Asker: 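Here you go, one structure.
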Amino acid sequence: MSSSPAQRRPFFCGNWKLNGSIAESLALATEVRNGVATLRNADVVVAPSFTALHAVAKRLEDGPVAVSAQDCHFEDKGAFTGEVSAPQLADVGCKYVILGHSERRQLFGELDAAVNLKARAALRAGLSPIICVGETLAERDAGETLGRVQAQLDAAIAGMTDADLGRCLVAYEPVWAIGTGRTATPGQAQEVHAFIRASVARRSGVAPTLRILYGGSMKPDNVRALMSEADVDGGLVGGASLQAESFARMVKEGS
Ligand code: PEP
């Protein structure tokens with residue numbers, strides 16, 4: 001399908017993973033906020049650990065940088081020891097939640113069906129889910145990239161209305177590019193991003209405005225080439241988001 005990047009505001013989310021005390025997270029959040037203070041043409045989000053969410057959300061309140069969690073449980077409350085619910089995330093000031101990250105899938109056995117339940121819980125709570133999909137190196141080498149992405153996407157958005165889908169973002173994160181320093185080429189990213197948009201277009205009119213992020217060793221020196229592709233609308237950034245200066249530079253380069 002044809003797509004128009006002009007319909008989609010660039011979106012960059014820093015995924016801080018399991019890093020940072022409250023004090024360190026506050027310092028990083030403040031530096032990011034200051035680093036992007038003059039930027040008007042992109043949405044910027046940071047995703048600290050659960051323990052720092054409340055403090056970071058308070059620090060960034062009313063500013064241009066929003067806060068995301070890195071996961072949530074699919075029930076709103078109950079006997080689920082150790083879990084954190086989507087309404088609790090909304091309560092501490094989150095606007096987004098990353099779901100189905102490959103580290104959750106690979107290290108914690110998260111299944112496609114759980115990603116769907118979590119996304120629906122997030123939507124109920126007023127959060128926007130950032131739904132991650134992506135193939136392993138073995139799947140890519142076996143020519144299964146598009147099939148794997150299709151299966152993950154179909155499962156994650158099953159049962160969603162157009163209004164629900166309109167509040168979601170999708171992150172294409174090839175597993176072989178996450179934290180490895182090996183980035184998908186712009187062409188490889190574009191192929192999958194266009195495929196995702198076309199797939200969503202077959203079931204919903206929101207496809208032209210759906211923001212599809214690339215994730216996997218995105219850095220200041222490769223963001224421009226990736227963002228020049230028609231269907232790459234931003235980034236989900238791990239390592240390079242832990243340095244405020246490089247994250248802010250990347251957002252500026254890519255916007
Ligand atoms: C990620 O964890 O979502 C990610 C893309 O990490 P990195 O940028 O470090 O590859």
Side-chain angles (χ1 to χ4, degrees), residues 10-20 24-25 28 32 35 42-50 52-53 65-72 94 96-108 110 115 118-119 122 128-137 139-140 145 148-149 152-153 156 168-186 188-190 192-193 196 211-227 229 231-255:
F11 184 105
F12 291 90
C13 177
N15 174 13
W16 296 353
K17 308 193 186 193
L18 204 175
N19 289 294
E24 288 164 345
S25 301
L28 181 54
V32 169
D43 289 330
V44 184
V45 177
V46 294
S49 293
F50 282 129
L53 282 174
V65 180
V67 175
S68 175
Q70 300 172 17
D71 189 24
C72 72
C94 291
Y96 299 90
V97 57
I98 299 167
L99 295 174
H101 191 281
S102 66
E103 286 154 15
R104 303 259 7 126
R105 294 178 189 265
Q106 295 206 310
L107 304 175
F108 303 101
E110 188 155 303
V115 179
K118 291 178 177 196
S128 287
I130 301 171
I131 296 168
C132 302
V133 298
E135 81 288 1
T136 62
L137 188 56
E139 288 164 342
R140 174 160 284 268
T145 297
R148 183 71 194 111
V149 166
Q152 289 174 328
L153 183 69
C168 291
L169 297 96
V170 174
Y172 168 55
E173 299 209 305
V175 178
W176 47 271
I178 297 178
T180 59
R182 189 176 158 192
T183 314
T185 64
Q188 284 172 322
Q190 170 60 20
V192 181
H193 283 229
I196 291 169
R211 287 183 290 182
I212 306 173
L213 318 178
Y214 168 78
S217 300
M218 193 182 242
K219 301 188 195 72
D221 63 6
N222 60 29
V223 65
R224 226 178 242 254
L226 287 159
M227 289 296 290
E229 295 292 340
D231 290 289
V232 178
D233 305 317
L236 181 54
V237 185
S241 73
L242 292 172
Q243 304 283 334
E245 189 274 328
S246 89
F247 184 59
R249 190 150 45 92
M250 178 164 27
V251 174
K252 284 178 191 155
E253 288 280 328
S255 305

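As the structure lists them, so they are numbered: ligands from 1, and atoms in each ligand from 1. What you see is a predicted model; the values in this text were computed from it and never measured. Side chains included, hydrogens not; waters and symmetry mates left out as well; all remaining heavy atoms used.
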Asker: Checking Thr136 side chain against Glu139 main chain: does a donor-acceptor pair fall under 3.5 Å?
Answerer: yes
Asker: Would you please name every residue forming a side chain to side chain donor-acceptor pair (under 3.5 Å) with Glu229, sequence neighbours left out?
Answerer: none
Asker: Which donor-acceptor pairs under 3.5 Å do the side chains of residues 237-244 make with protein atoms, sequence neighbours left out?
Answerer:
unit_1 : atom_1 : unit_2 : atom_2 : d
Ser241 : OG     : Val237 : O      : 3.1
Ser241 : OG     : Gly238 : O      : 2.7

Asker: Got the residues with a heavy atom under 4.0 Å of ligand 1, by chain and number?
Answerer: Asn15, Lys17, His101, Glu173, Ala177, Ile178, Gly179, Gly215, Gly216, Ser217, Leu236, Val237, Gly238, Gly239
Asker: Is it the case that more than 12 heavy atoms not belonging to Leu18 sit under 6.0 Å from its CG atom?
Answerer: no
Asker: List for me each residue that meets salt bridge (Lys or Arg N to Asp or Glu O under 4.0 Å) alongside Lys219, sequence neighbours excluded, and say none if there are none.
Answerer: none
Asker: Please report the shortest heavy-atom distance between Ala156 and Ala119, naming the atom on each side.
Answerer: O-CB, 4.3 Å
